[in-house]
Number of protein chains: 2
Amino acid sequence: MPGDDPGIERALAKLRVRDVVTPEEERVFTASIAETRVIAAHRQIVRSGTTLSESTLLLDGLACRYKDLANGERQIQEVHVPGDYVDLHGFLLKTLDHNVGALTDVRIALVPHDALREITENHPHLARLLWFSTLLDAAIQRERILSIGRRNAASRIAHLICELYLRMQVSGLAEEGRYALPITQTDIADTCGLTPVHVNRMLRRLRGEGLMTFRGGEVVIHDWDGLVRVAEFDPTYLHLDRRPR
Amino acid sequence: MPGDDPGIERALAKLRVRDVVTPEEERVFTASIAETRVIAAHRQIVRSGTTLSESTLLLDGLACRYKDLANGERQIQEVHVPGDYVDLHGFLLKTLDHNVGALTDVRIALVPHDALREITENHPHLARLLWFSTLLDAAIQRERILSIGRRNAASRIAHLICELYLRMQVSGLAEEGRYALPITQTDIADTCGLTPVHVNRMLRRLRGEGLMTFRGGEVVIHDWDGLVRVAEFDPTYLHLDRRPR
DNA sequence: CGCATAGTTGAGACTATTCAAAAACCGTGG
DNA sequence: CCACGGTTTTTGAATAGTCTCAACTATGCG
């Protein structure tokens, strides 16, 4: 409902980077929000398996999609930044195959599936932009497969740091070479398919090589080109170009 | 155009498993195909970065999405079975961030993006089913992240074998406990984030434990429950339930 | 029949893990 | 303002899982 909530503004900014969004579409998008809610860090936002009738837009804070294994290990499949639709795919899947959790305190907006369905019936272009945003998630997840499958530990971490920098930038949350990332080394380990101990050692290495620092919940990038080289980071997969979709 | 091409039938079967598809929608879906084509094994079907104006439906044979790293290593992000839309996401991404290659000789159908756009404008329910099918790819890729990130080598391979068994079944290409999988151990290695040598050893182990055999391009599952246990395979993520979407 | 590709096996090396413990940090309450 | 308990980070040593390198065998195709 709120006219220009900064969180909604971030979600719109994310769309605007990829295509022209008409004022009418922005109005429909904003009007689709039924309510906003605050959830504490480490709480679940959506639990795997429950039938859903609304989708969740992340307005503030960091969240993630994750799955647990029988032995208690956790794999984070995607880290979400403000402006991300964390379970838009739940609209058509009807039930999620993974959990969505709050990495920090978060503020979310709830969008009824009826409203989304209405958009697919009457606003096909806006519907395509929403579809696109789920495709972007998929692209990010594919890049994670590459990272975990074929890159070494230092490279995986460097890649994650590069990706989040650009994604935070789109949401207007990164300054020149730095951004807030108030998560733990264990969260990074769960994202990169590593152990916390090894993440710690690799972070030290990246710091020692003057590439970046991760401390006190903040990332500072000292040598972007160097970090990109270590990560073999190519931002093509983020599709940061405005085109008719 | 061909009325009931078995390949198109497989694609429709994949949709029908998840929701009711009306005869009118089947007609529109079939009519969206502009032409079919044959491509030899190991050829590229879609190259990363090129601007696309049509999407590709896999009618026969096996294909994959993959990326190469600078050192020549390859990571397969998804294996495609007949009936899969291998680059439906290209409709809105406009350019792929990865390659699509033929693992075997394949037969494909090309669908112009104009036709897809038309579907989003005039057939919202069918459009949602297409959207759904890209969400299913994303779910499969998320499960791969979990596999590569947190499962050991034997478990990853077992998981892939279980997944492909169910997906081939949906396309009507699996018999009781067996299916054709004419790919190499190197392909499996590139899918699971392993080396061919290690895949070979793990396949021997799975065979030795009486769980499954992969030989001569065919998978034979001797002990489904045992294989599921090793893989920690839970098919929820394949969303094999028919629901209004 | 011969060559090319794919699969198999062994030995040794290396990356990342496990286990363990200490140090630093943080919010809370006295 | 400091003490306290819990969490997170850091460090070390030993281990395990997977990789690398290398060679040999089997298979399929022309």
Side-chain angles (χ1 to χ4, degrees), chain A residues 40-43 62 69 71-76 101-105 147-160 180-208 212-220 230, chain B residues 40-43 62 69 71-76 101-105 147-160 180-208 212-220 230:
Chain A
H42 312 122
R43 275 270 154 62
L62 297 170
L69 240 34
N71 64 3
E73 286 187 303
R74 177 176 72 151
Q75 178 65 46
I76 292 178
L103 289 169
T104 66
D105 290 346
S147 236
I148 299 181
R150 291 297 182 214
R151 288 190 242 260
N152 64 28
S155 181
R156 281 180 222 181
I157 295 168
H159 195 280
L160 178 67
L181 188 67
I183 65 177
T184 67
Q185 295 185 2
T186 299
D187 294 328
I188 294 178
D190 287 343
T191 306
C192 294
L194 298 167
T195 56
V197 171
H198 202 53
V199 166
N200 182 279
R201 293 191 234 265
M202 293 302 108
L203 282 172
R204 178 152 52 94
R205 181 144 107 200
L206 292 171
R207 196 183 327 132
M212 58 155 289
T213 308
F214 171 71
R215 187 190 290 289
E218 190 181 42
V219 169
V220 181
V230 167
Chain B
H42 312 123
R43 276 269 153 62
L62 297 171
L69 241 32
N71 64 4
E73 287 188 304
R74 178 176 70 150
Q75 177 65 45
I76 293 178
L103 287 169
T104 67
D105 291 346
S147 236
I148 300 180
R150 293 293 182 218
R151 289 190 241 259
N152 63 29
S155 181
R156 285 180 220 179
I157 295 168
H159 195 280
L160 177 67
L181 189 67
I183 65 177
T184 66
Q185 294 185 0
T186 300
D187 294 328
I188 293 177
D190 287 343
T191 306
C192 295
L194 299 165
T195 56
V197 172
H198 201 56
V199 166
N200 182 280
R201 291 191 235 266
M202 293 302 107
L203 282 173
R204 178 153 51 94
R205 181 144 105 201
L206 292 170
R207 196 184 328 131
M212 57 155 288
T213 307
F214 171 71
R215 186 190 292 285
E218 188 181 44
V219 169
V220 181
V230 167

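Within every chain, numbering begins at 1; the chains are lettered A, B, ... in the order of the sequence lines, protein sequences first and strands thereafter.
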Requested in this report: For each nucleotide in nucleotides 7-22 of chain D, reading 5' to 3', give B when a protein heavy atom comes within less than 4.0 Å of its base, S when such contact involves only the sugar-phosphate, and - otherwise.
Outcome: -SSBBBB----SSBB-
Query raised in the report: Can you name the nearest heavy-atom pair linking A:A189 to A:P196, along with the distance?
Result: CB-N, 3.6 Å
Query - Contact summary for A:S147 and A:R156, nearest pair of heavy atoms - result: O-CG, 3.4 Å
**Report entry** Test item: A:S155 side-chain N/O and A:R151 main-chain N/O as donor-acceptor pair under 3.5 Å
**Finding:** no
Query raised in the report: For A:F214 and A:L181, which heavy atoms make the closest approach, and how far apart are they?
Result: CE1-O, 3.4 Å
Query raised in the report: Is there a donor-acceptor pair under 3.5 Å between the side chain of B:Q75 and the backbone N or O of B:T191?
Result: yes
Query raised in the report: Between atom CD1 in B:I148 and atom C1' in C:dA16, what is the gap in whole Å?
Result: 17 Å
Query raised in the report: Taking five pairs at each end, how big is the angle between the two axes of the helix from C:dC1-D:dG30 to C:dG30-D:dC1, to 10°?
Result: 40°
Report task. Before accepting this row, confirm whether a basic side-chain N of the pair B:D105/B:R43 lies closer than 4.0 Å to the acidic partner's carboxylate O. Result -> no
Query raised in the report: Under the 3.5 angstrom rule, does the side chain of A:R150 hit a backbone N or O of B:R74 as a donor-acceptor pair?
Result: yes
Contacts under 3.5 Å, N or O only, protein and nucleotides 21-24 of chain C:
none

Query - Side-chain donor/acceptor of A:D190 to backbone N/O of A:D187, under 3.5 Å - result: no
Query raised in the report: If you look at every heavy atom in B:A40 and B:A102, which pair is closest and at what distance?
Result: O-CB, 3.6 Å
Query raised in the report: Distance-only, no hydrogens or angles: does the B:T104 side chain make a donor-acceptor pair with backbone N or O of B:L62 under 3.5 Å?
Result: yes
